[in-house]
2 protein chains.
Amino acid sequence: VAKAHGFPTVVMIGGGQLSRMTQQAAIALGVELRVLSQSPTESAAQVVGEIFIGQHDDAAAIEKIAIGADVVTFDHEHVPLEIIRDLESRGVVVRPGSKALAHAQDKVLMRQKLESLEIKQPKWKVLNSISDGVEFANVVSYPFIIKVSRGGYDGRGVWVCKDETELADLLSQPLGSDVQWLAEEFIPFERELSAQVARSPHPQMIAYPVVETQQKEGMCSVVIAPAPNLDPERAVEAQRVAMQIADALDVTGMLAVELFDTGSEILVNELAMRPHNSGHWSIDGAITSQFENHLRAVLDLPLGSPKAKSEWTVMVNVIGGDFSDMFHAFKHCMARDPHVKIHMYGKEVRKGRKIGHVNVSSEDLEDALRRAQHAADYLIGNIEE
Amino acid sequence: VAKAHGFPTVVMIGGGQLSRMTQQAAIALGVELRVLSQSPTESAAQVVGEIFIGQHDDAAAIEKIAIGADVVTFDHEHVPLEIIRDLESRGVVVRPGSKALAHAQDKVLMRQKLESLEIKQPKWKVLNSISDGVEFANVVSYPFIIKVSRGGYDGRGVWVCKDETELADLLSQPLGSDVQWLAEEFIPFERELSAQVARSPHPQMIAYPVVETQQKEGMCSVVIAPAPNLDPERAVEAQRVAMQIADALDVTGMLAVELFDTGSEILVNELAMRPHNSGHWSIDGAITSQFENHLRAVLDLPLGSPKAKSEWTVMVNVIGGDFSDMFHAFKHCMARDPHVKIHMYGKEVRKGRKIGHVNVSSEDLEDALRRAQHAADYLIGNIEE
């Protein structure tokens with residue numbers, strides 16, 4: 001693939017929808033996107049000029065795709081750190097780098113780091129034994145949360161532990177060699193927020209409007225940008241926390257900080273160092289999408305304005321249901337509402353799988369919520385008119 | 001390339017920037033875009049999953065790429081009509097079809113058709129001899145315009161004829177077998193406008209806001225959306241003219257009608273049946289871009305809202321100059337103004353070549369004009385700060 005003189009090449013490891021949507025931004029920037037995909041049928045593999053087929057834990061495949069590229073980045077956090085450290089030691093530019101990524105991959109490391117930064121978070125404890133769990137229950141009382149320290153996502157690897165019997169059951173499950181049990185205080189939050197920032201090596205940083213996220217069965221379902229009725233000081237606090245973490249961890253690219261809003265304070269729940277589901281609204285709703293700013297940040301280009309273009313933008317995920325005739329529903333949604341922006345990921349429908357999302361911008365939040373939810377429900381097959 | 005069940009495949013003939021930008025829309029729609037490109041280094045060939053290499057007048061190449069596709073469409077109007085008619089006779093769906101395209105390919109046919117529709121246009125005459133030209137000069141007086149009926153674009157194939165000597169000089173040039181000399185009245189217009197509509201086979205039609213276009217050396221340079229100080233009745237008239245033409249010619253896909261605004265009336269200058277330079281503002285400035293609506297129209301999907309998202313959007317083309325270090329300038333522009341949307345086409349800089357464009361949206365027209373013009377000038381190398 002040729003490109004204009006001086007324009008860079010970005011390698012993205014992982015061929016999912018985040019890579020797919022990054023390609024839309026790469027096209028405008030004149031940046032070549034090269035993707036390592038598990039198969040030629042993956043979401044991004046369908047729409048990118050340069051595809052390499054390989055696994056994200058195959059060091060040789062990653063070494064090969066990195067040749068001649070300006071920077072290597074990721075659409076998920078599952079690339080083994082040894083591979084990334086090895087690339088770095090050979091002078092390959094990897095962003096975010098291994099030191100930052102370690103905290104996105106390992107929740108215990110992340111909790112330790114946030115503690116050292118004195119950032120508010122739920123109480124937590126590594127459980128090496130049932131008695132550690134009993135001790136933790138004495139501090140926070142049941143129910144509390146038990147997570148695997150590595151490898152969980154979209155609600156997988158997370159349990160609510162109601163009593164000592166469940167505790168014993170959970171901890172009797174086998175764990176990978178580098179994985180630990182992490183107990184976290186159950187936070188009776190009023191809602192969840194996400195604060196996204198982009199940070200370049202320069203370093204320059206921009207903060208997106210703080211959004212409200214609603215989960216369904218552990219998976220992001222609805223995002224409202226900006227978060228309604230959020231005290232402006234609280235919003236600034238959330239943006240500051242995200243910027244503080246990005247700086248302290250030397251994050252380059254997008255960082256999403258998922259937060260619990262208890263009504264009286266905000267506590268850090270999770271980190272993601274890549275474009276994130278909570279930022280999909282920005283494709284249609286912000287001057288610069290999170291995908292464009294991720295590319296700009298990892299390439300150390302000046303960052304684009306994260307300003308919202310509309311009063312409100314609502315994103316609703318399209319999750320696979322029982323309904324496989326997506327194209328028929330797609331046509332109906334377009335006919336019913338010419339203002340809905342539908343984003344399909346080129347995936348076959350499978351139950352519980354993220355296969356697309358819709359964005360609706362409006363000056364009226366109720367209107368945007370109703371229209372976005374209707375379109376997503378119709379696409380999923382939950383409603384029929 | 002695999003894609004989700006039921007989702008269609010679109011073939012686009014031509015691998016230029018229009019195909020490149022159509023790919024951004026195809027990604028969101030979950031539509032597979034397959035491009036016939038002259039070389040693997042063309043603008044769209046860099047960013048599309050399925051590239052076929054071939055010339056746009058190679059019937060066998062076009063026949064091959066059309067296999068299994070739902071519809072064939074174009075990023076330019078240079079595919080010979082015989083090839084399109086032949087595809088149609090075999091049942092291949094081509095949109096726009098040969099009957100419509102004939103009028104975009106042949107300016108004499110276009111003038112005849114508009115005359116039969118009683119649509120206002122400059123006086124015109126086919127010149128088979130110098131005496132035809134002298135006769136036309138007696139009606140409209142010098143100077144008048146002489147064009148080749150087929151194959152001209154971006155100001156090529158168009159001359160201003162000042163007197164009989166020039167007339168004789170021009171007409172002494174050799175013409176292709178199917179090409180005629182077309183004389184047109186010189187219109188001392190106040191400005192030029194463009195009215196774009198999308199029309200589907202259904203038929204459904206949407207009209208974009210009418211824009212003002214400014215040309216430099218025969219090439220589109222600046223577009224202001226919507227056209228400033230345009231009488232609302234005049235705007236509706238322009239949209240009606242475009243819709244009337246789209247209906248009468250059975251256009252499917254995008255139609256751009258370029259108009260002369262004389263201050264007292266609007267006259268049709270040119271037609272283009274594809275996404276058009278005058279619609280690039282819509283990528284950032286409208287709810288649905290012209291590229292998305294072209295795909296939706298040729299696939300007979302319901303059309304998206306053409307509504308503007310901002311008070312004003314200004315587009316300025318980036319035309320190649322003497323300055324080849326585009327990437328350095330690109331970084332400067334991003335740093336200087338985080339609100340400018342830069343669109344690069346992946347092309348090497350060549351003098352007079354369209355290599356990108358910038359869009360700026362604002363509530364203040366002067367502000368948008370100044371910022372877009374500055375970014376484009378800097379990228380081109382016209383200014384250095």
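Per chain, numbering begins at 1; letters A, B, ... match sequence-line order.
In terms of heavy-atom pairs under 4.5 angstrom with chain A, the leader among Met326(B), Lys307(B), Met21(B), His357(B) is Met326(B). Among Cys333(A), Pro302(A), Ser43(A), the residue making the largest number of heavy-atom pairs under 4.5 Å with chain B is Pro302(A). The choice from Glu292(B), Lys309(B), Arg296(B) that makes the most heavy-atom pairs within less than 4.5 Å of chain A is Arg296(B). The candidate from His343(B), His339(B), Gln204(B), His328(B) with the greatest count of non-hydrogen atom pairs under 4.5 Å with chain A is His339(B).
For Ile287(B), the parts lying near chain A are the backbone and the side chain together; criterion is any non-hydrogen pair under 4.5 Å. Heavy atoms of Lys341(B) lying under 4.5 Å from chain A belong exclusively to its side chain. Contacts of Leu29(A) with chain B are made by both backbone and side-chain atoms, with heavy-atom separations under 4.5 Å. Proximity to chain A (any heavy atom under 4.5 Å) is shown, for Ala44(B), by neither the backbone nor the side chain. Interface residue Ile27(A): backbone and side-chain heavy atoms are both found under 4.5 Å from chain B. Contact annotation for Phe330(B): only side-chain heavy atoms (C-beta onward) come within less than 4.5 Å of a heavy atom of chain A.
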query: Between Glu32(B) and Gln46(A), is a side-chain hydrogen bond (donor to acceptor under 3.5 Å, both in side chains) present by the stated rule, with each step listed?
result: CA-CA 8 Å; Glu32(B) 182 195 333; Gln46(A) 299 168 26; over 6 Å; no
- prompt: Should Ser289(B) and Ser282(B) be marked as a side-chain hydrogen bond (donor to acceptor under 3.5 Å, both in side chains) after you check the CA-CA gap, both sets of side-chain angles, and the distance that decides it?
  reply: CA-CA 5 Å; Ser289(B) 80; Ser282(B) 65; 5.0 Å; no
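In terms of heavy atoms, Val316(A) sits closest to Ala376(A) at CG1-CB, 3.4 Å.
Ion pairing between Arg274(B) and Asp75(B) fails under the 4.0 Å rule for side-chain N and carboxylate O. The pair Arg350(A)-Glu348(A) fails the salt-bridge criterion, with no side-chain N (NZ, NE, NH1 or NH2) lying under 4.0 Å from an Asp/Glu carboxylate O.
Taken to the nearest 0.5 Å, the CE atom of Met344(A) stands 9.0 Å off from the CZ atom of Arg20(A). To the nearest 0.5 Å, atom OG1 of residue Thr252(B) and atom CE of residue Met205(B) are 11.5 Å apart.
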